[in-house]
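Step one of this worksheet: look at the structure below.
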Amino acid sequence: MKNQYRNIVGVISLLFCTVANAQDKAVPSLYESRLAQRDMGIVFGQEFYANRAYMMKYSDLSFSELSANYQSDRKDAYLLQDGDGLDAFKVNTSSYQRLKGNKIIWGSASYTTQKQKNMKWNENMDRHILGPYVVGDSVGGTMKQDIYQFTGGIAKQLARWTVGGEVSYIAKSGYREIDPRPKNTTSDLNIHLGVSYNLYRDYELGVYTKWNKYTQNSSLQFVNLLGKPIAYHLTGLGAYNYYFSSAVNMTTIYEGTGYDVGGTIAKNGGKDFLVQASFGQFSVLKGFSSNPSKDMSELKTKKYTVGAIKYVDINEHRLGAKVNYLLTESRGTEYFYSKVGKLEQKIAEKELYKFVRSDIYTSLFYQYSTEVSRLIVSPSFTIEQTDEKRRDTFAKQRFTYLHYGVEVDYMRQINQTSAITVSPYLRVRNLKESTVNNIESYKSPAMTEWTLHDLAVKSSNYQSYGATARYDVKFNNIPTMFAQVQYEQTRYNINKTNSYIGMSLGVTF
C-alpha cells in the first residue's frame with residue numbers, strides 16, 4: 001500500500017512539472033515569483049479562499065513547488081494525550097496554474113512519515129476530531145504514523161460568474177509494535193464548491209459549501225495478557241465508559257459526516273475589503289465492533305464564524321485591519337447498555353459532555369514595498385475562552401486566555417538570481433481567569449494524575465518566539481532551488497521549555 005501511494009505521489013509530481021513546463025508564457029524574475037508564492041495579503045486573509053471560486057484571483061502567476069521537509073518537536077510542557085515530541089519527514093508537491101480560457105487549476109500531494117512520541121491516554125489518531133471519546137491507557141508509547149494527502153481543484157470565470165471546486169483526501173495509518181499495540185486507519189474526504197458573482201464594478205457576492213466524510217477504524221491488542229494495563233473508553237475530564245472498558249475486543253469504528261456553508265461580500269477579489277460569515281456542523285459516531293455492533297457515543301459539533309478585513313493603499317504603503325469571531329460548540333451523547341445472560345440491550349442515552357470555545361481575533365497589517373524588497377509587520381490580539389464540562393460527574397474546566405503576538409516578514413532581492421526571506425515572530429499567552437472542578441478517580445489514581453498534569457499546562461502562561469529563514473537561488477537551465485530553516489522556543493511559567501526545528505529543501509518552477 002505504501003508503494004502504491006508513493007507511486008501516485010510521483011505521478012502527480014510529474015503531471016505538475018509537465019503542466020508548468022508546457023505553458024507558453026513570459027518567465028517572471030525569481031523575486032517576482034517569490035512575491036507571487038508568498039503574498040502575505042493572502043496569508044492575512046486566508047479565510048477568503050474557503051470559497052474556491054476566489055482561487056481564480058489567488059495569483060497572477062503560475063508556480064509549482066517540490067520539497068522535502070524534516071521537523072523535530074521536543075516538549076517539556078504538553079498534554080499527555082498528544083505526547084512529548086514529534087519527528088517527521090515529508091515529501092510535498094504543489095502547483096497553481098493559470099490556463100487559457102479564464103481557467104485555473106491547482107493541486108497538491110504529499111507523503112509524511114512521523115513518530116508521535118510518548119502518548120498516554122490516547123490510542124487513536126485525530127483527537128481533534130474525535131473529542132474526548134478515544135481509547136486510552138496509562139502506558140501508551142510512541143505511535144508510528146504514515147499520512148497521504150491529495151488535493152485537486154479547478155475554477156473558471158464565465159462573464160460575471162466564477163465557479164470553483166476542489167476535492168481533497170487524506171489517508172492515515174498509525175500503529176505501535178510493542179504493547180499496547182494500537183492499529184488505526186483513517187480516511188478524510190472533503191469536497192468544496194463555490195460560486196461568485198460580480199454585482200457592480202469590482203464588488204462581488206459569493207457563496208460556498210463544503211461536505212466532509214470521515215472514518216477511523218481502530219483496534220487495540222496486547223500480546224502479553226499477563227499484567228496488561230486496563231484500556232478505557234474515555235468520555236472526558238477523567239471519566240470513562242464502565243461497561244465497555246477493558247473488554248477483550250477493543251475494536252471500534254468512528255464515522256463522521258459534516259458540512260459548511262458560507263457567504264462573502266468583497267471588493268477587488270478581497271484585496272480592498274471583504275465580509276464573510278459561515279456555519280458548519282459535524283457529527284461523529286463511535287461504535288463498538290461486536291455482533292451486533294453497538295453505538296457508544298456521538299459527538300455533534302456546530303461552528304459559527306464571522307469576519308471582516310479592510311485594506312488601504314497609500315503610495316508604497318499598504319495598511320490592513322482584520323477582526324474574526326469564532327464559536328465552536330460540541331455536545332456528546334452517550335449510550336448505556338445492560339446484559340442479562342445472553343440478552344444485551346440499550347437502556348438509555350444521555351447528553352453528558354459539552355465543550356464550547358469562542359475566539360475574538362483582531363490583527364493589523366502593514367506592508368512597505370520597493371522594487372527589490374518588501375517588509376510586513378502584523379501585530380495581533382486574541383481573547384480565547386474554553387468551557388468544558390460533564391453533567392454526571394460535575395467536572396468542569398473553564399479558561400479565559402489573552403493572546404498577544406507580532407509577526408514580521410522581510411523579503412529582499414539580493415540580485416537577479418537570488419532572494420532571501422526572514423520571518424521572526426513572537427507570541428504570548430496569559431491566563432486571565434479560570435474555574436476548575438476536578439473529580440478524582442478512586443478506581444484509577446493514574447487517571448487523576450493525568451488530569452492534574454494537563455491542568456497545570458492549561459493553567460500556565462507562555463512566551464513563544466521563533467524565526468524562519470529561506471534562501472532562493474536560480475542557476476542556468478535548472479529550476480530555482482531553495483533552502484529553509486525554522487526554529488521556535490516556547491517558555492512556560494512552570495519552568496518548562498518546548499523547542500521546535502524544521503528544515504526544507506526544494507525546487508520551484
**Message:** Regarding Arg38 and Asp409, does a basic nitrogen lie under 4.0 Å from an acidic carboxylate oxygen?
**Reply:** yes

**Any donor-acceptor N or O pair under 3.5 Å, side chains Asn224, Asp179** = no

**Item:** Under-4.0 Å salt bridge between Lys322 and Glu47
**Value:** yes

**Prompt:** Checking Arg357 against Phe355: charged group under 6.0 Å from the ring centre and within 45 degrees of the axis?
**Reply:** no

**Prompt:** With a distance cut-off below 6.0 Å to the six-membered ring centre and an angular limit of 45° from the axis, does Lys228 pair with Phe222 as a cation-pi contact?
**Reply:** yes

**Message:** Less than 4.0 angstrom from a charged side-chain N to a carboxylate O is my criterion; do Lys303 and Glu329 meet it?
**Reply:** no

**Item:** Salt bridge present between Lys172 and Asp146 (N-O < 4.0 angstrom)
**Value:** no

**Request:** Taking atom NZ of Lys350 as the centre, report whether more than 12 heavy atoms of other residues, nucleotides or ligands fall under 6.0 Å from it.
**Result:** no

**Request:** Compute whether any side-chain donor of one residue and acceptor of the other, for Gln145 and Ser173, lie under 3.5 angstrom apart.
**Result:** no

**Message:** Can you see whether Gln81 engages Trp450 through a side-chain donor-acceptor pair at a distance of less than 3.5 angstrom?
**Reply:** no

**Request:** Verify the distance criterion only: is there a donor paired with an acceptor across the side chains of Thr301 and Ser330 at less than 3.5 Å?
**Result:** yes

**Prompt:** Is any side-chain N of the basic residue among Asp272 and Lys310 closer than 4.0 Å to the acidic one's carboxylate O?
**Reply:** yes

**Prompt:** Taking 4.0 angstrom as the limit, do Glu334 and Arg390 come out as a salt bridge?
**Reply:** yes

**Message:** Quick one, Tyr311 with Phe273, criterion ring-ring contact (aromatic ring centres under 6.0 Å, His included). Give me CA distance, side-chain angles, the key distance, then yes/no.
**Reply:** CA-CA 6 Å; Tyr311 295 102; Phe273 82 87; over 10 Å; no

**Item:** Verdict with supporting geometry, Arg331 and Leu299, side chain to side chain contact (heavy atoms under 4.5 Å, CB included)
**Value:** CA-CA 6 Å; Arg331 295 177 180 268; Leu299 185 69; 6.0 Å; no

**Request:** Answer with yes or no whether the side chains of Ser464 and Thr490 bring together a donor and an acceptor at under 3.5 Å.
**Result:** yes

**Asked** Shortest non-hydrogen contact from Asp295 to Leu285?
**Response** OD1-CD2, 3.6 Å

**Asked** Aromatic rings Phe399 and Tyr401: how do their planes relate, parallel, tilted or perpendicular, breaks at 30° and 60°?
**Response** parallel

**Prompt:** Can you check whether Gln276 reaches Tyr208 side chain to side chain, under 4.5 Å on heavy atoms?
**Reply:** yes

**Request:** Give a yes-or-no answer on whether the side chains of Gln385 and Thr400 include a donor-acceptor pair shorter than 3.5 Å.
**Result:** yes

**Fill in**
For Val135 and Leu220, the nearest pair of non-hydrogen atoms, with its separation, is CG1-CD2, 3.9 Å

**Item:** Pair Glu488 + Arg427, salt bridge at N-O below 4.0 Å
**Value:** yes

**Message:** Salt bridge check, Arg398 against Glu433: does any charged N sit closer than 4.0 Å to a carboxylate O?
**Reply:** no

**Item:** Flag side-chain contact, heavy atom, 4.5 Å: His453 against Trp121
**Value:** no

**Message:** In terms of relative ring orientation, are His233 and Phe288 parallel, tilted or perpendicular, with 30° and 60° separating the classes?
**Reply:** perpendicular

**Message:** Please determine whether a side-chain nitrogen of the Lys or Arg among Glu204 and Lys57 lies less than 4.0 Å from a carboxylate oxygen of the Asp or Glu.
**Reply:** yes

**Prompt:** Are any of the side-chain nitrogens in Asp76 or Arg491 under 4.0 Å away from the carboxylate oxygens of its partner?
**Reply:** no

**Request:** Evaluate the ring planes of Phe48 and Tyr54, with Trp represented by its six-membered ring, and classify them as parallel (under 30°), tilted (30 to 60°) or perpendicular (over 60°).
**Result:** parallel

**Request:** Begin with the C-alpha distance, continue with both residues' side-chain angles, and end with the deciding distance and a verdict on side-chain hydrogen bond (donor to acceptor under 3.5 Å, both in side chains) for Ser218 and Glu123.
**Result:** CA-CA 8 Å; Ser218 303; Glu123 300 293 358; over 6 Å; no

